[in-house]
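In what follows, a single structure is set out as structure tokens and then discussed.
Chain A is the first sequence line, chain B the second, and so forth, proteins listed ahead of strands; every chain is numbered from 1.
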There are 2 protein chains.
Amino acid sequence: MGKDSEKELVGVKEIARRANVSIATVDRVLHHRSGVSEKTKAKIQAIIEELDYKPNILARRLASKKVLHLAVLIPLVSQETDYWNAPLMGITQAEEEIASYGVKIHKYFFDLNDRSSFVEQANLIADSQCDGVLLAPMFIEESKSFIQSCISKDMPYVLINSDIPEQNSLCYIGPNLYASGYLAAHLSGFLLTETDQILIVNISKEIDNHHHLLRKEEGFREYFSVNKRANDIFKIDIRQTTYEYVKSSMQNALDNKNIKLIFVTNSRVSSVARFLEETNIHGIKVIGFDFLKDNIEFLKKGTIDFLICQKPIEQGYKGIMTLYNHLVFSQEVEKVYHMPIDIITKENYLYYRN
Amino acid sequence: MGKDSEKELVGVKEIARRANVSIATVDRVLHHRSGVSEKTKAKIQAIIEELDYKPNILARRLASKKVLHLAVLIPLVSQETDYWNAPLMGITQAEEEIASYGVKIHKYFFDLNDRSSFVEQANLIADSQCDGVLLAPMFIEESKSFIQSCISKDMPYVLINSDIPEQNSLCYIGPNLYASGYLAAHLSGFLLTETDQILIVNISKEIDNHHHLLRKEEGFREYFSVNKRANDIFKIDIRQTTYEYVKSSMQNALDNKNIKLIFVTNSRVSSVARFLEETNIHGIKVIGFDFLKDNIEFLKKGTIDFLICQKPIEQGYKGIMTLYNHLVFSQEVEKVYHMPIDIITKENYLYYRN
DNA sequence: CTGAAAGCGCTTACAG
DNA sequence: CTGAAAGCGCTTACAG
């Protein structure tokens, strides 16, 4: 008994009856609206507490015709990588789920290779007077100034995929980059002897800004240092993302060495795998990131040994739901929600969700 | 335009207006209730189709006071293993989420070591006239006859954790046992040379029925056979779950061999790890199952190398939500929903969700 | 076989 | 500062 039997019937009506006021007044204090005398406000609040009143969300959404506008700012899916298709799917899924609850989602896309497109879209959002923003802060400086305008407009915002320092964001949802690098190193450890050579590969047009890649590299190196492993670790930054460029860079990097394992710090690992396959290089283990079609193909064939994946779909989904739950239910949110660090192999990729 | 602009306003009222009937009549055909002439029924249905009417679920649940009763039948959490606490958490989480939508969940527990307790509880459910059942069919025969009574009473049921052949279940939600054994073998492969010896350990009071353990073993062996690896594979079935019994069994099993890796087919892997630790045996790799406190402790210390986990919380959660979505929204369900096969290590366990 | 009316628990003008 | 009333889109008796 107790728990089960009590709550049942408590609604605004009951509260109004007990407080000897109208339900409209109860509604006012429920929503912290002005225009209620301190005295009656206090009385009503006491009753709300006492009864542990929980509003009926169904009725709330039904009665209120207010629609909630959420803006999303993420990279455009490019032909170079369809990684961003995944978060977008999660966002769309959330959208479908809450559409009937009066939520509208407005999507803005920018080009990963074009900072100005980011600024442009960000400005559109800033002017749109929406109720909340989901943001992938790929360009640090530009993101910071966008965030400033969000703050000044009192728009809550959620960051996904990569975090940015100094932030008043509602929360960050995404990987712990350092930890994922560390794990990659641990897996590497299984594949190597103490003397095998390792190559770390960062592939990105804008490596300076891509703290993510560098933080993964740090985590990776840390593992070897903590475990006092003697393996030589080389590294290369590849600043053009075309296959031809990756190929020639890799040729140079492998030259005159005896690399046994390559750690690619992002989803571009398929370029490296393609290179190894085309040039008929065998006996090198490969670890990279993300559950993308190309990557999975190489995983199946055994050219890639491990992929680390961090639920990009769920990042998008959770991002939207967090905004929704915060705005509609005033739900408290964790400041940081690190995604699980999933290990994908030939044997379990079929069962990977997200 | 198009998609966005159209639907907005279509409700029972509009349908009623167009069909020249009352909304009560519209409601009748919406719910396939009797008492409507074929003629008006056809007219209304045509309009519903034409308008692509989607009922407002909020209003539906709000107006209808009908409560949905779901029954859950799972093992009691024992002091021997708290595995079943996880699915229970997922069930409770789902319960909280949909409680305000008029769903009541009734939990029945049985003792894993006592078949009769299963039958007892199953009978209670069969008599309870609930609207749907979530079931962990640990005892095959008893489950089959319970399922028969569900079918005869037209109660939909969902299976979790382990599947049972011949089934008209709404769906199965749980691991692909064979595949998880296969993956375990793949991971083992990384840790071994071609000549290292392997020991498979099944720990359970009722191994005959526990097809799950045996199917994992099969998957495990299959990997070595497919990949033509020459490792000797030994096995032992331990039919008492107390630590003392496990310990002495393990002592025997290791005697006179040079085992380099132990594969424990379920969550009892911590007993084996404890044994290795207490008897100061080093240099044996260990792979087992499930994200349990004890197991994680040994993972941290390095006694256990890999844990394979299959989101038990989510199994419970999805089980309930599947019943709910099926009963409330008539949502179609996949017959089989295999959980991802997660690999847990020292480095990523902190980020594991579920 | 069909419809008018009340009600689910809340919000929103509107009037005072 | 406060309340009476209409309405959100649907369901449920009840009456015919």
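- Between Ile44(A) atom CD1 and dC10(C) atom P the separation is 14 Å, expressed in whole Å.
- Every residue two or more places apart in sequence or in another chain was checked for a side chain to side chain contact (heavy atoms under 4.5 Å, CB included) with Ala42(A), and none qualifies.
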Base-pair string, DNA chain C, Watson-Crick plus G-U, cut-off 3.5 Å on both distances, | for inter-strand, is |||.||||||||.|||
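- Taking only side-chain nitrogens and oxygens, Thr25(B) never comes nearer than 4.0 Å to OP1 or OP2 of dT2(C).
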Assess whether side-chain hydrogen bond (donor to acceptor under 3.5 Å, both in side chains) is satisfied between Ser37(A) and Thr40(A), documenting all intermediate values. CA-CA 6 Å; Ser37(A) 75; Thr40(A) 62; 3.1 Å; yes
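- Shown for residues 31-43 of chain B: residues whose heavy atoms fall under 4.0 angstrom of DNA chain C, namely Gly35(B), Val36(B), Ser37(B), Thr40(B).
- At whole-Å resolution of the value, CD in Glu14(B) and P in dC10(D) are 11 Å apart.
- The ring-ring contact (aromatic ring centres under 6.0 Å, His included) check on Tyr324(A) picks up Phe329(A), with sequence neighbours excluded.
- Taking the salt bridge (Lys or Arg N to Asp or Glu O under 4.0 Å) definition, one finds that Lys153(B) meets it with nothing, sequence neighbours left out.
- Remark: Arg60(A) engages no residue in a salt bridge (Lys or Arg N to Asp or Glu O under 4.0 Å) (not counting sequence neighbours).
- Applying the ring-ring contact (aromatic ring centres under 6.0 Å, His included) rule to pairs touching residues 30-64 of chain B yields nothing, sequence neighbours excluded.
- The nearest whole Å value for the distance from the CZ atom in Arg60(B) to the P atom in dG9(C) is 19 Å.
- Partners of Gln45(B) by side chain to side chain contact (heavy atoms under 4.5 Å, CB included), not counting sequence neighbours, listed by chain and number: Val29(B), Lys41(B).
- Residues forming a salt bridge (Lys or Arg N to Asp or Glu O under 4.0 Å) with Lys107(B) (at least two apart in sequence, or on another chain): Glu95(B).
- Expressed to the nearest 0.5 Å, how far CD1 of Ile74(A) lies from CD1 of Ile91(A) amounts to 4.0 Å.
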Between protein and nucleotides 4-8 of chain D, what N or O pairs are separated by less than 3.5 Å?
unit_1 : atom_1 : unit_2   : atom_2 : d
dC8(D) : O2     : Ala63(A) : N      : 3.2

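- Applying the salt bridge (Lys or Arg N to Asp or Glu O under 4.0 Å) test to Glu334(A) and every residue at least two apart in sequence or in another chain returns nothing.
- Residues that satisfy the side chain to side chain contact (heavy atoms under 4.5 Å, CB included) test with Val67(A), not counting sequence neighbours, are His69(A).
- In this structure, CG of Asn56(B) is placed 16 Å from P of dG9(C), rounded to the nearest angstrom.
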